[in-house]
Amino acid sequence: MKYPSGYSVRFSDDGEMLVCLGRNVVVIDVAARQRLSTSHPLSHPSNACFSPDGGTLAVKSTSGRIVIIKPRSGEVLFDHRNQKDGEGGEVQFSPEGDMLVDGSWGGGLTVRQAMDASIQFREQFPGEMIRRVTHDEARRNWLFEHSPKFRPGETSRPRSYAVLRNWPFGSGDRRKITFGFDVANTTLSPDGRSICLIEKPIERLHVARVSDGAVVASSEPFDHGGTGNEIAWSIDCRHIASVQARKFVFYRASDLAVEGEVVSQYPSSISFRAGPQEVALGSWNTSAIVPLSAVLQGGMALK
């Protein structure tokens, strides 16, 4: 099949479906390598996630609006019409799949029912953006990346930091983690034990322990990709993939030694598949599902 553009790509929890975001929302049957649905439920989709059972798909736009669709047909099941809650950011499903965890660039953390407009939990962080929302495989441990905005009269922006929370959220469950330098794309490992992140302004990866925030592995500096700086963990926590300048780079998680690269003109997004050792690579003009073994052997390109 001809794969669509993949500004953002995500596998379902069971690895049976892949969603690719571009102008449209395209859902692929992974085993058959066929499109299940192509839809345009909102303008400028930027983030999507499957419910744990794969029965529904949440799609969020750059304006912050969230819709719930049926992945196998593209039918809109519910439109939250929540643009006023703050633009951008990421959305994820709760462990049971009945609620959405929504972080916004306006600094709001909102837990809402997936299929109606009721709000179950909300906290606001004035003067900050919540740029990243990740969780462990069981969706019980959550990591949020907070990025303070420039304030009037300041010549530099305060450093970004991570916040660890346990599901279900409460007002006193936050644990702040700082790293001694500015960070981006803090991402929790599937086993909930480690965090991968990008140091700023020097572009390099680090792996840190969740228990105390100590950095245990660091990569060599690299060039920022320009079309994204996403990080993804493999399901078994053995590999980490990173979007960089004109390529996807794969690292051994234990020491961040480079294991393989895939050349791409406009790399943007990465997702590891549960079960079979495959990885989805998304760019602004195409996407692909490839065996991880082929990536690690080298010589691949995403055209």
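Scanning all heavy atoms of the two residues, the minimum distance from Ser156 to Phe150 falls at C-CE2, 3.3 Å. The nearest pair of heavy atoms linking Gly106 to Lys149 is CA-NZ, 4.3 Å. Residues Leu100 and Ala58 share a closest heavy-atom pair of CD2-CB, 3.9 Å. Listed here is the closest heavy atom pair of Ala31 and Asp29: N-OD1, 3.2 Å. Closest of all the heavy-atom pairs between Ser5 and Cys20 is O-CB, 3.6 Å. Taking both residues in full, the closest heavy atoms of Gly54 and Pro71 are given as O-CG, 3.4 Å, listed atom of the first, atom of the second, then distance.
The hydrophobic cluster containing Met17 also includes Val19, Leu21, Val25, Val27, Leu36, Leu42, Phe50, Leu57, Val59, Val67, Ile69, Val76, under a criterion of side-chain heavy atoms closer than 4.5 Å among ILVMFWY residues, counted directly or through chains of members. Hydrophobic clustering, defined by side-chain heavy atoms of Ile, Leu, Val, Met, Phe, Trp and Tyr closer than 4.5 Å, groups Leu143 together with Leu164, Ile177, Phe179, Phe181, Val183, Leu188, Ile195, Leu197, Val210, Val215. Here Leu18 is tied into one hydrophobic group with Met1, Tyr3, Val9, Phe11, Val26, Ile28, Val30, Ile289, each link being a pair of ILVMFWY side chains closer than 4.5 Å.
A salt bridge links Glu278 and Arg33; the closest N-O separation between the charged side-chain nitrogens and carboxylate oxygens is under 4.0 Å. Salt-bridge annotation for Asp102 and Arg122: absent, with no side-chain N of the basic residue lying under 4.0 Å from a carboxylate O of the acidic one. Using a 4.0 Å cut-off between charged side-chain N and carboxylate O, Arg157 and Asp182 make a salt bridge. Remark: Glu75 engages Lys70 in a salt bridge, criterion side-chain N to carboxylate O under 4.0 Å. Salt-bridge formation is detected for the pair Asp79/Arg65: a Lys NZ or Arg NE/NH1/NH2 atom is positioned less than 4.0 Å from an Asp or Glu carboxylate oxygen.
Side-chain atoms of Ser118 and Arg112, non-hydrogen and from C-beta on, never get closer than 4.5 Å to each other. For the pair Pro267 and Lys247, the minimum side-chain heavy-atom distance is 4.5 Å or more. Contact check for Cys196 versus Leu205: side-chain heavy atoms found under the 4.5 Å cut-off. With contacts defined as side-chain heavy-atom distances shorter than 4.5 Å, the pair Arg10/Ser269 qualifies. In this structure the side chain of Phe250 never reaches within 4.5 angstrom of the side chain of Ile240, judged on heavy atoms. Looking at heavy atoms from C-beta onward, Asn166 lies out of side-chain contact with Trp142 at the 4.5 angstrom threshold. The closest side-chain heavy-atom distance from Ser287 to Pro4 is below 4.5 Å. A 4.5 Å side-chain heavy-atom check between Lys60 and Glu90 finds every atom pair outside the cut-off.
Side-chain heavy atoms closer than 4.5 Å link hydrophobic residues (I, L, V, M, F, W, Y) into clusters, and following such links, even through other members, never connects Ile130 to Trp105. Residues Val243 and Met300 share a single hydrophobic cluster, defined by chaining ILVMFWY side chains whose heavy atoms lie under 4.5 Å apart. A chain of hydrophobic side-chain contacts below 4.5 Å, direct or via other Ile, Leu, Val, Met, Phe, Trp or Tyr residues, connects Val295 to Phe272. Ile119 is not connected to Trp167 by any chain of hydrophobic side-chain contacts under 4.5 Å among Ile, Leu, Val, Met, Phe, Trp and Tyr, and they are in different clusters. Residues Met99 and Leu77 fall into different hydrophobic clusters, defined by Ile, Leu, Val, Met, Phe, Trp and Tyr side chains chained together at heavy-atom separations under 4.5 Å.
Between the CZ atom of Arg209 and the OG atom of Ser189 there is a distance of 13.0 Å, given to the nearest 0.5 Å. Atoms CG and CZ, on Asp191 and Arg193 in that order, are 5.0 Å from each other to the nearest 0.5 Å. The CG atom of Leu302 lies 6.0 Å from the CG atom of Leu281; values are rounded to the nearest 0.5 Å.
Qualifying side-chain contact (heavy atoms from CB on, under 4.5 Å) partners for Ala274, counting only residues two or more places apart in sequence or in other chains: Ile235. Not counting sequence neighbours, the partners of Ser51 by the side-chain contact (heavy atoms from CB on, under 4.5 Å) test are Asp53, Thr56, Phe93. Annotation: side-chain contact (heavy atoms from CB on, under 4.5 Å) contacts of Glu203 (sequence neighbours excluded): Ile198, Lys200, Phe222, His224. By the side-chain contact (heavy atoms from CB on, under 4.5 Å) test, Phe121 is found to be paired with Leu109, Val111, Glu123, Arg165, Phe169, residues two or more places apart in sequence or in another chain being considered. Considering only residues two or more places apart in sequence or on other chains, Ser94 meets the side chain to side chain donor-acceptor pair (under 3.5 Å) condition with Asp98. Glu128 is linked by a side chain to side chain donor-acceptor pair (under 3.5 Å) to His146, Tyr161, counting only residues two or more places apart in sequence or in another chain. Remark: Ser264 engages no residue in a side chain to side chain donor-acceptor pair (under 3.5 Å) (not counting sequence neighbours).
Counting non-hydrogen atoms of neighbouring residues, nucleotides and ligands closer than 6.0 angstrom, the CZ atom of Arg140 exceeds 12 such neighbours. For Asp223, the CG atom counts as loosely surrounded, since its 6.0 Å shell holds 12 or fewer non-hydrogen atoms of other residues, nucleotides or ligands. Counting heavy-atom neighbours within 6.0 Å of Tyr266 OH, excluding the residue itself, gives a total of 12 or less. Under a cut-off of 6.0 angstrom, the local environment of CZ in Arg246 is sparse, with at most 12 non-hydrogen atoms contributed by other residues, nucleotides or ligands. No more than 12 heavy atoms of other residues, nucleotides or ligands shown are found within 6.0 angstrom of CZ on Arg238.
For residues 277-298, the pairs satisfying ring pair (Phe, Tyr, Trp, His ring centres under 6.0 Å) are Tyr7-Trp284, with sequence neighbours left out. Evaluation of the side chain to side chain donor-acceptor pair (under 3.5 Å) test over residues 250-260, restricted to residues two or more places apart or in two chains, returns His239-Glu259, Gln244-Tyr251, Arg252-Asp255.
In this structure, Asn82 contributes its side chain and Gly64 its backbone to a donor-acceptor pair below 3.5 Å. Side-chain atoms of Gln277 do not come within 3.5 Å of backbone N or O of Ser293 as any donor-acceptor pair. Side chain of His80 to backbone of Ala117: no donor-acceptor contact under 3.5 angstrom is found. The closest donor-acceptor contact from the side chain of Asn185 to the backbone of Asn229 lies under 3.5 Å. Side-chain atoms of Ser61 come within 3.5 Å of backbone atoms of Ser63 as a donor-acceptor pair (strictly under, hydrogens ignored). A distance-only check finds no donor-acceptor pair linking the side chain of Arg131 to the backbone of Ser147 [under 3.5 Å]. Under a 3.5 Å cut-off, the side chain of Glu145 and the backbone N or O of Thr186 do form a donor-acceptor pair.
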Chi angles and distances behind the side-chain hydrogen bond (donor to acceptor under 3.5 Å, both in side chains) call for Ser39, Ser37: CA-CA 6 Å; Ser39 61; Ser37 65; 5.2 Å; no
Apply side chain to side chain contact (heavy atoms under 4.5 Å, CB included) to the pair Phe248 and Val263, showing each step before the final yes or no. CA-CA 6 Å; Phe248 302 92; Val263 176; over 6 Å; no
side-chain hydrogen bond (donor to acceptor under 3.5 Å, both in side chains) between Ser218 and His206: does it pass, once the steps are laid out? CA-CA 4 Å; Ser218 302; His206 298 286; 2.7 Å; yes
